[in-house]
> 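The structure is given below, and queries will be raised subsequently.
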Amino acid sequence: MEEIARVYAEALFDVAKEKDKLDRIHDELDQFAEALDGHRELQVFFFSPYFSSAEKREGIERAVSGADPEFVNFLELLVEKHRMPLIFRIRRQFEDRWKEENRKLDVTVTSAVELDPEVVKKVGAEIEKQTGHSVDLRSAVDDNILGGIVLQVGNMVLDASIRNRLEKLRKNVARAA
């Protein structure tokens with residue numbers, strides 16, 4: 001399923017980029033997926049085999065009036081091929097490609113206590129400087145790490161927490177014994 005979603009996401013991405021509508025289609029895909037995610041009735045309608053493709057196309061016309069024609073065609077294709085249940089996976093794949101294209105990184109700074117917003121901004125600025133990407137910065141608190149910070153930059157994790165250091169020490173002591 002993930003491979004099928006990737007193919008559809010890449011096709012939508014390529015068309016959006018070719019037509020110079022990447023940001024618009026990105027936003028419309030987000031809005032459509034959010035609407036589906038928030039309404040069980042819409043999921044039942046679009047995902048159910050009990051409704052015909054024609055009924056679902058009518059539903060798309062009503063649900064996304066004013067949307068980009070390429071995006072509407074894409075949704076109609078998903079309906080016709082009975083692939084609408086893949087919309088959330090397609091969205092994730094499209095989002096990954098969109099972030100890569102726009103040189104954006106998701107960064108999460110996790111600490112045991114709430115960090116000063118200025119410290120978080122400095123961490124984000126340093127990551128931007130080091131990577132050359134713009135950063136979507138998020139701060140989180142997790143008292144399980146005891147102290148220090150855990151940085152998640154895209155798919156990479158830098159764990160400089162006290163909990164991690166204690167775990168490494170425990171393993172070294174166990175190995176030495």
Side-chain angles (χ1 to χ4, degrees), residues 1-111 114-115 117 120 124 127-128 131 133-145 150-157:
M1 288 301 207
E2 205 64 38
E3 180 63 22
I4 295 169
R6 186 187 60 75
V7 169
Y8 278 93
E10 285 182 3
L12 179 62
F13 185 89
D14 291 344
V15 167
K17 187 173 178 180
E18 178 184 311
K19 303 277 185 174
D20 199 27
K21 298 177 179 180
L22 201 52
D23 289 339
R24 179 176 179 183
I25 288 179
H26 170 262
D27 293 344
E28 289 176 358
L29 179 59
D30 273 352
Q31 291 169 5
F32 184 78
E34 286 296 318
L36 271 180
D37 194 36
H39 294 90
R40 179 80 176 125
E41 304 82 26
L42 282 176
Q43 288 178 29
V44 169
F45 176 71
F46 283 115
F47 299 171
S48 172
Y50 297 111
F51 295 98
S52 71
S53 294
E55 290 172 313
K56 291 177 183 180
R57 278 193 305 276
E58 282 181 35
I60 287 171
E61 287 176 25
R62 289 188 193 131
V64 294
S65 62
D68 185 83
E70 277 80 15
F71 181 64
V72 173
N73 289 342
F74 177 76
L75 293 178
E76 289 174 350
L77 176 69
L78 291 179
V79 163
E80 200 62 41
K81 299 290 184 182
H82 308 287
R83 299 292 191 195
M84 190 58 83
L86 294 174
I87 192 73
F88 301 114
R89 290 178 181 182
I90 292 168
R91 176 191 187 193
R92 270 194 313 274
Q93 296 277 343
F94 189 95
E95 181 74 16
D96 290 346
R97 291 275 318 269
W98 183 84
K99 283 182 178 181
E100 186 179 306
E101 179 74 18
N102 288 291
R103 301 184 52 80
K104 291 190 180 283
L105 280 175
D106 288 328
V107 175
T108 303
V109 180
T110 306
S111 59
E114 188 74 34
L115 292 175
V120 175
I127 292 170
E128 283 182 345
T131 63
H133 287 65
S134 64
V135 170
D136 290 333
L137 192 60
R138 200 172 71 81
S139 179
V141 175
D142 180 0
D143 57 359
N144 290 326
I145 68 171
V150 176
L151 271 179
Q152 182 173 353
V153 180
N155 294 331
M156 186 180 72
V157 176

> Looking at every non-hydrogen atom in both residues, tell me the closest pair between Ala9 and Gln93 and how far apart they are.
CB-CB, 3.4 Å
> When rounded to the nearest 0.5 angstrom, what is the spacing between NE2 in His82 and OG in Ser48?
11.5 Å
> So how far is it from Ser111 OG to Leu151 CG, rounded to the nearest 0.5 Å?
10.0 Å
> What are the two closest non-hydrogen atoms of Arg103 and Thr131, and how far apart are they?
NH2-O, 3.8 Å
> Would you call Arg91 and Glu34 a salt bridge, using N to O less than 4.0 angstrom?
yes
> I need the minimum non-hydrogen distance between Glu70 and Lys21, along with the two atoms involved.
OE1-NZ, 2.9 Å
> To the nearest 0.5 Å, how far apart are CD in Glu95 and CZ in Phe13?
10.5 Å
> Could Arg24 and Glu28 be called an ion pair, given the rule that one side-chain N must be under 4.0 Å from one carboxylate O?
yes
> Quick one: closest heavy-atom pair of Glu114 and Val141, and the distance?
OE1-CG2, 3.4 Å
> Given side chain to side chain contact (heavy atoms under 4.5 Å, CB included), test Asp136 with Val107 step by step and report yes or no.
CA-CA 6 Å; Asp136 290 333; Val107 175; over 6 Å; no
> Is there side-chain contact between Glu2 and Arg92, with heavy atoms separated by less than 4.5 Å?
yes
> Do you know which two heavy atoms are closest between Phe32 and Phe71, and how far apart they sit?
CB-CZ, 3.9 Å
> Does any non-hydrogen side-chain atom of Val153 lie less than 4.5 Å from one of Thr108?
no
> Answer whether the closest heavy-atom distance between the side chains of Met1 and Arg89 falls below 4.5 Å.
yes
> Taking Gln43 for its side chain and Leu36 for its backbone only, find out whether a donor-acceptor pair lies under 3.5 Å.
yes
> Which distance, rounded to the nearest 0.5 Å, do you find between the CD1 of Ile60 and the CG of Leu78?
7.5 Å
> Side-chain contact, heavy-atom cut-off 4.5 Å: Tyr50 with Phe45?
no
> Any side-chain heavy atom of Leu105 sitting closer than 4.5 Å to one from Lys99?
no
> Can you measure from CG (Leu42) to CG (Asp37) and round to the nearest 0.5 angstrom?
11.0 Å
> Can you tell me if Asp142 uses its side chain to pair, donor with acceptor, with the backbone of Asn144 under 3.5 Å?
yes
> Below 4.5 Å, heavy atoms only, C-beta onward: do Phe47 and Ile87 meet side chain to side chain?
yes
> Flag the pair Asp106 and Arg138 as a salt bridge only when some basic side-chain nitrogen lies within less than 4.0 angstrom of an acidic carboxylate oxygen.
no
> Under a 4.0 Å threshold between the charged nitrogen and the carboxylate oxygen, would Lys56 count as salt-bridged to Glu80?
no
> Taking all non-hydrogen atoms of both residues, which atom of Val72 and which atom of Ala67 are closest, and how far apart?
CG2-CB, 3.9 Å
> Please confirm whether the backbone N or O of Val135 pairs with a side-chain atom of Glu128, one donor and one acceptor, at under 3.5 Å?
yes
> Are the side chains of Gln152 and Thr110 in touch, meaning some heavy atoms are under 4.5 Å apart?
no
> Could you tell me whether Asp14 and Arg97 make a salt bridge, using a distance below 4.0 angstrom between a side-chain N and a carboxylate O?
yes
> Please confirm whether the backbone N or O of Glu55 pairs with a side-chain atom of Ser52, one donor and one acceptor, at under 3.5 Å?
yes
> Working to the nearest 0.5 angstrom, can you tell me the gap between Leu12 CG and Leu75 CG?
8.5 Å
> With the side chain counted from C-beta on, respond yes when Ile25 and Phe94 share a heavy-atom pair under 4.5 Å apart, and no when they do not.
yes
> Run the side chain to side chain contact (heavy atoms under 4.5 Å, CB included) check on Val7 and Glu10 step by step: do they pass?
CA-CA 5 Å; Val7 169; Glu10 285 182 3; 5.9 Å; no
> Classify the ring geometry of His26 against Trp98: parallel below 30°, tilted from 30° to 60°, perpendicular beyond 60°.
parallel
